[in-house]
Amino acid sequence: MSASSSSAGSTPAPSGLTGPVLVIGGAGYIGSHTVAELVRCGVPTIIYDNLSTGHRSAARATLVVGDMGNREQLLRAFREHRPRSVIHFAAKCFVGESVTDPAKYYLENVVYTHTLLEVMRERGVQEIVFSSTCATYGEPVRVPIDETHPQVPISPYGKTKLHIEHMLEDYTRAYGLRAAALRYFNAAGASQDGTLGEDHQPETHLIPLVLQVALGQRPEILIFGDDYPTPDGTCIRGYVHVEDLARAHLAALARLQAGVSSIRCNLGTGSGYSVREVIEAARRISGHPIPARVVARREGDPPCLVSGGTRARDLLGWQPQRGELEDILHDAWRFHSTKRNGMRG
Ligand code: UDP
């Protein structure tokens, strides 16, 4: 589908947001929802994705298949499509894998982002919205976690994301780049039209795994520890709807295009839910008993990660519209129960 052909019936983009916008990793989970929102708002959009973890079927705009680390390929895309701005989602994002294979994370996250920033500099493209993460905070010293919380990541994954935040700050200072780093809490849910959703290989995230049990695709859900210092003993996380995340990217880009030079903010709802609460809510929504079994803790899981702070509201005018766990699970359930092969069929 081309961006221009799908802009019919569009609603205005936030604050006069203009394109073309090049979305690196726009065929992935959060990227594809953001592209869908850009297209819905009538913003000319191009996806640049190597389809290593993204899906062709998730591409909601013109797709250029290419590696972010391939400077020549990337330059060609910039020359051909002349983007005004970039939204950058492409990254390796498995915490466990980053511990066993950090080289891959430093190369694909940090080095390839450097390649992207250099191509942007060469082409005079000055605005970038970047997917950062609450993993840059590391072990919380206080909860909720606002943006002034110390950033001491414990995994190579979190470290690579923080390195990129630092690169963006230095490029802003030295070269006039305008950059937003959006620190997501737990992205979850699916598009309300049921066509886009979460599909990682392998899947490690709680909500899709719980729903796969409800669909009979897995026998049970394993609860990683019930001896945490939380009310029911299981870990608490702040789940945020992927369509809310998508809207925040447009709002951030609009602020950069209006001249704001640096944005660093959390994207979360301020609420947290335990693993048991997620499983209970999924039982209600799916009508399936969802067998669960407690096993040992997973290494590196802090007991509670919940966002605090008001920067997203103050700087971006952003507030979650589908912040309730029930809403998130409802949309995820619609996606998983109707598209049993996820984005692959
Ligand atoms: N979790 C679990 N069983 C699973 C997957 C996850 O108990 O099969 C827990 C995990 O320990 C964490 C929470 O669910 O406390 C959310 O994990 P997820 O991997 O979805 O996101 P993360 O917080 O690691 O980014």
Side-chain angles (χ1 to χ4, degrees), residues 28-30 53 89 91-100 105 109 131-140 143-145 153-162 182-190 197-215 217-242 245 266-269 271-283 288 290-307 325 328-329 331-333 335-336 342:
Y29 174 43
I30 307 171
T53 54
F89 293 98
K92 293 286 153 212
C93 59
F94 292 117
V95 171
E97 184 188 51
S98 80
V99 175
T100 54
Y105 281 69
N109 293 358
S131 304
S132 190
T133 166
C134 65
T136 59
Y137 294 115
E139 223 27 86
V143 182
I145 302 170
I154 52 176
S155 67
Y157 165 67
K159 289 177 192 172
T160 62
K161 290 285 184 172
L162 185 56
L182 304 181
R183 299 176 190 148
Y184 314 152
F185 282 67
N186 287 55
E198 192 165 7
D199 183 356
H200 297 112
Q201 295 294 327
E203 190 55 76
T204 61
H205 292 117
L206 179 66
I207 290 179
L209 290 175
V210 166
L211 298 180
Q212 286 172 7
V213 179
L215 287 166
Q217 295 171 335
R218 287 175 192 268
E220 60 183 357
I221 185 75
L222 302 179
I223 297 175
F224 297 148
D226 69 349
D227 56 353
Y228 285 96
T230 61
D232 68 16
T234 65
C235 287
I236 294 173
R237 293 289 178 272
Y239 297 92
V240 52
H241 197 293
V242 64
L245 291 180
N266 287 345
L267 295 180
T269 66
S271 302
Y273 299 94
S274 73
V275 174
R276 282 199 194 283
E277 285 174 321
V278 170
I279 297 170
E280 262 317 309
R283 286 178 178 142
H288 188 280
I290 309 184
R293 180 159 58 94
V294 177
V295 295
R297 289 181 178 196
R298 185 172 68 178
E299 209 185 322
D301 271 338
C304 183
L305 292 175
V306 175
S307 67
L325 180 63
I328 291 169
L329 280 172
D331 293 341
W333 176 240
F335 172 75
H336 289 285

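One-based numbering, in listed order, for ligands and for the atoms of each.
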**Request:** Write out the residue and atom name of the closest protein heavy atom to atom 25 (O) of ligand 1, then the distance separating them to 0.1 Å.
**Result:** N186 ND2, 3.6 Å
**Asked** Cut-off 3.5 Å, side chains only: do E97 and Y105 have a donor facing an acceptor?
**Response** yes
**Item:** Nearest protein heavy atom with distance in Å, relative to atom 15 (O) of ligand 1
**Value:** C235 CB, 3.0 Å
**Prompt:** How far is atom 20 (O) of ligand 1 from its nearest protein heavy atom, and which residue and atom is that?
**Reply:** L206 N, 2.8 Å
**Asked** Which pair of heavy atoms, one from A214 and one from W333, lies closest together, and at what distance?
**Response** CB-CZ3, 3.7 Å
**Message:** Under 3.5 Å between any N/O of L222 and any N/O of ligand 1: does that happen in this structure?
**Reply:** yes
**Prompt:** Got an N/O contact under 3.5 Å between I207 and ligand 1?
**Reply:** no
**Asked** Is it the case that T234 and Y228 place a side-chain donor and acceptor less than 3.5 Å from each other?
**Response** no
**Request:** For the pair R297 and D226, find out whether any cationic side-chain nitrogen is under 4.0 Å from an anionic carboxylate oxygen.
**Result:** no
**Request:** Mind checking whether V278 contacts ligand 1 via backbone (N, CA, C, O), side chain (CB onward), both or neither, at a 4.0 Å heavy-atom cut-off?
**Result:** neither
**Request:** Take R283 and H288 through the test side chain to side chain contact (heavy atoms under 4.5 Å, CB included) and record every step on the way to the result.
**Result:** CA-CA 5 Å; R283 286 178 178 142; H288 188 280; over 6 Å; no
**Request:** May I ask you to identify, for R298, whether its side chain, its backbone, both or neither come under 4.0 Å of ligand 1 on a heavy-atom basis?
**Result:** side chain
**Request:** Measure from atom 13 (C) of ligand 1 to every heavy atom in Y273, Y184, Y239 and give the option owning the shortest one.
**Result:** Y239
